[in-house]
Amino acid sequence: MIRYSPFNWILLLLSSLVLLFILAPLAGLFLHTSAPEFFETAADREVQQSIWLTLWVSFAASLFSAIGAVPLAWLMARKNFPMKKIVQGIIDLPIVLPHTAAGIAVLGFISREGALGRAADTIGLNLVNNPSGIAIAMAFVSLPFFINSARDGFTAVPERLEKAALNLGAGRARVFFTISVPLAKQSIMTGFIMMFARGMSEFGAVVIVAYHPMIAPVLIFERFSSYGLQYSRPASVLFILVALLVLVLLRVLPGRKKMTQRTGDAEA
Amino acid sequence: MLKLENINKRFGSFRLSEINMQIGEGEYYILLGRSGAGKTLLLELIAGLSIPDSGKVWLDKEDITVKRIQDRNIGLVFQDYAIFPNMTVYGNIAYPLVARRMSRDMIRSRVKIAASEMNIGHLLERDTVNLSGGEMQRVALARTLVTEPRLLLLDEPMASVDASLRDDIRLVLRHLNRKGHTMIHVTHDYREAIHLASKAGVIHNGKIIQEGTPADVFRRPVNRFVARYAGIRNFFRVTVLNQEGKWKAVCDNKLVFSLSENTRPGEGIIIIRNEDVRLSRVKPEGNHDNCFMGTVTDIIPSVYGMEVMVDAGEKFCVDIRQEEFDYLGLREMADVWITFPARAAVMLTDNDN
């Protein structure tokens with residue numbers, strides 16, 4: 001229990017102001033959206049498609065990134081190598097870049113003049129204005145969240161558990177998949193969710209590589225710039241609700257699965 | 001069986017230097033040392049978790065210095081057991097067998113045998129998070145033994161176990177050694193060496209400073225550090241001389257001890273085991289090699305009775321049993337006589353430490 005000293009009152013007041021600062025605009029958004037407007041927007045196919053596109057592209061971007069991000073996070077947690085700090089700086093770089101600048105950089109890379117764009121072009125894939133390009137832009141700006149969270153998770157796994165597994169005859173890969181990853185699972189999952197959420201809400205980088213097909217943040221912007229505040233509100237409310245629902249589900253599902261998972265681990 | 005040859009290893013500001021060790025088949029070797037002396041690092045070098053900067057590790061005449069950890073078949077039980085928290089007890093013990101791609105039936109039967117040998121058959125389906133220290137110790141041992149290691153390394157196996165369970169673990173370890181397991185056990189507790197070891201070594205600042213049977217090491221410590229390790233508290237800086245055919249040791253403040261004949265002249269340190277010094281309230285009758293009057297300065301309870309500090313010109317520490325303490329009616333500032341035989345005064349050979 002908090003004791004009510006003057007200092008605690010001040011803390012309470014300041015904390016409430018911060019919470020109010022976050023909640024007030026959102027509350028305003030919800031309160032200014034009428035039910036008929038909301039349901040009409042929810043039934044709009046264009047809105048539905050853009051939300052669905054946002055969700056699956058961001059999910060796919062996070063999932064594909066995991067293939068490289070998890071091993072990189074392990075390396076950053078476990079190994080010391082020359083220029084490690086520079087590598088960490090590179091990982092954090094997308095966080096500090098203006099997102100439109102990130103979008104320009106990605107566009108240069110995936111357009112036909114860029115290395116990746118040319119490679120994709122040889123198999124007939126144009127990455128610009130394409131879900132693959134959107135995924136790349138989302139991954140570019142949101143990868144640091146995944147890597148850093150997974151890295152913290154691996155750091156927290158006692159190294160001697162990995163050493164014990166090696167001593168028991170397991171190869172490096174087996175140790176990684178049976179000890180390191182399962183024990184850092186919580187943080188890897190948190191990183192995945194953070195990357196997914198960050199990717200989902202990305203506007204600046206995505207709008208540069210793909211105005212169409214429209215992800216939800218671009219659609220909201222388009223409705224706002226073409227029709228004004230009132231018209232963009234219901235789509236915003238809908239997207240916020242869907243995003244919240246998905247995040248809650250992602251948080252809850254792995255926790256439930258964990259209960260049944262333990263006994264079978266090494267028997268397989 | 002295991003031979004370490006001129007092993008050197010730098011680890012931050014610490015270094016293991018010129019480690020030479022030889023352990024025979026079926027031996028129980030206890031390596032004693034304070035924390036930070038290099039004990040765990042040495043075990044890691046043997047297990048392959050670290051590679052020495054120079055020197056060689058031989059196992060059964062094979063050079064395993066840079067052999068992969070997975071291929072050495074040397075079992076290491078970590079100080080805090082390193083039980084995998086994401087698996088059940090069964091999962092932990094089965095882990096090395098799964099890594100060896102054994103069949104499911106084979107794994108099941110070997111896990112059951114190992115678990116029953118360690119008396120943890122009833123715990124197999126349990127999660128490891130709620131196990132007691134003693135149970136975890138047994139799980140860790142079973143998990144290592146199931147691999148049938150050529151050599152078993154134990155890092156402070158008693159350190160994280162309640163005092164009441166140490167006897168049980170000691171029995172388990174002795175039993176394993178009798179079954180033929182060659183074992184290296186590192187500890188900071190000399191009593192474990194006395195109870196278990198067939199050979200003991202003392203490591204200090206990254207060097208092995210004495211090696212031999214536990215009796216050798218504790219009866220004839222080479223220096224003050226080892227002597228302290230053996231629980232000896234009576235150290236005297238002396239000058240040894242021969243007076244009319246008898247060996248005498250003159251302490252810094254002129255107290256003179258009679259020594260046995262097996263000594264040599266010069267300056268050095270003499271140790272006297274606490275239990276070799278006798279206490280009495282009246283001057284003992286008969287001829288005693290060394291007999292001094294002193295005053296009790298402090299009385300400290302110990303596991304076996306009391307530790308009595310006596311100032312007889314030099315400070316002595318005497319261990320006596322509780323009954324004897326009660327019989328003598330000792331208290332601080334009481335006058336007492338202390339006696340000890342000449343053979344109890346041992347000259348340290350390596351005075352530098």
Side-chain angles (χ1 to χ4, degrees), chain A residues 70 73-75 77-82 84 149-150 152-192 253-268, chain B residues 12 40 43-44 46-50 68-105 107-108 111 124-129 139-140 142-149 151-153 155:
Chain A
V70 175
W74 184 83
L75 275 180
R78 277 287 178 267
K79 301 288 174 192
N80 282 318
F81 48 86
K84 186 176 174 181
S149 173
D152 292 346
F154 284 125
T155 307
V157 175
E159 198 174 352
R160 45 169 217 296
L161 293 180
E162 294 173 356
K163 286 182 171 179
L166 285 170
N167 177 250
L168 290 167
R172 300 261 171 199
R174 180 179 286 275
V175 175
F176 181 73
F177 286 112
T178 58
I179 307 293
S180 318
V181 171
L183 291 178
K185 193 171 61 185
Q186 206 71 37
S187 301
I188 294 173
M189 199 57 210
T190 302
F192 179 88
L253 286 178
R256 288 167 67 94
K257 218 174 116 195
K258 199 167 70 182
M259 307 295 282
T260 54
Q261 204 183 3
R262 283 204 162 161
T263 50
D265 272 280
E267 290 183 49
Chain B
T40 302
L43 286 192
E44 292 195 351
I46 298 171
L49 296 167
S50 267
R68 293 199 317 160
I69 310 161
Q70 305 92 293
D71 302 332
R72 292 191 183 208
N73 203 16
I74 293 177
L76 170 60
V77 178
F78 287 75
Q79 182 175 353
D80 60 355
Y81 321 127
I83 299 294
F84 306 137
N86 55 324
M87 297 173 198
T88 57
V89 171
Y90 182 94
N92 267 275
I93 304 175
Y95 188 85
L97 305 178
V98 177
R100 285 166 175 73
R101 301 179 194 282
M102 283 189 185
S103 74
R104 237 181 142 118
D105 289 343
I107 291 173
R108 194 167 287 279
V111 170
L124 282 177
E125 297 311 316
R126 283 260 298 272
D127 263 352
T128 51
V129 273
V139 174
R143 187 178 68 177
T144 303
L145 291 171
V146 84
T147 64
E148 297 176 346
L151 173 65
L152 187 57
L153 310 176
D155 189 0

If you take all heavy atoms of A:Ala170 and B:Ala99, which pair is closest and at what distance? CA-CB, 3.8 Å

Quick one: CZ on B:Phe84 to OG1 on A:Thr178, what's the gap to the nearest 0.5 Å? 7.0 Å

Atom group of B:Arg126 that falls short of 4.5 Å from chain A, counting heavy atoms: neither

Given the options B:Thr147, B:Ile74, B:Asp80, B:Val146, which has more heavy-atom pairs under 4.5 Å with chain A than any of the others? B:Asp80

Atom pair CZ (A:Arg160) and CG (B:Asp155), whose distance is rounded to the nearest 0.5 Å: 10.5 Å

Shortest non-hydrogen contact between A:Leu161 and B:Ile83, atoms and distance: CD2-O, 3.5 Å

Out of curiosity, B:Ile93 CD1 to A:Leu168 CG, how far, rounded to the nearest 0.5 Å? 11.0 Å

Take A:Arg174 and B:Val98, measure what side-chain contact (heavy atoms from CB on, under 4.5 Å) needs, and give me the verdict at the end. CA-CA 10 Å; A:Arg174 180 179 286 275; B:Val98 177; 3.5 Å; yes

Close side-chain approach of A:Ile179 and B:Met87, heavy atoms under 4.5 Å: yes

Examine distances only and state if a side-chain atom of A:Asn167 and a backbone atom of B:Leu76 form a donor-acceptor pair shorter than 3.5 Å. yes

Evaluation steps, side-chain contact (heavy atoms from CB on, under 4.5 Å), between B:Leu49 and A:Glu162: CA-CA 10 Å; B:Leu49 296 167; A:Glu162 294 173 356; over 6 Å; no

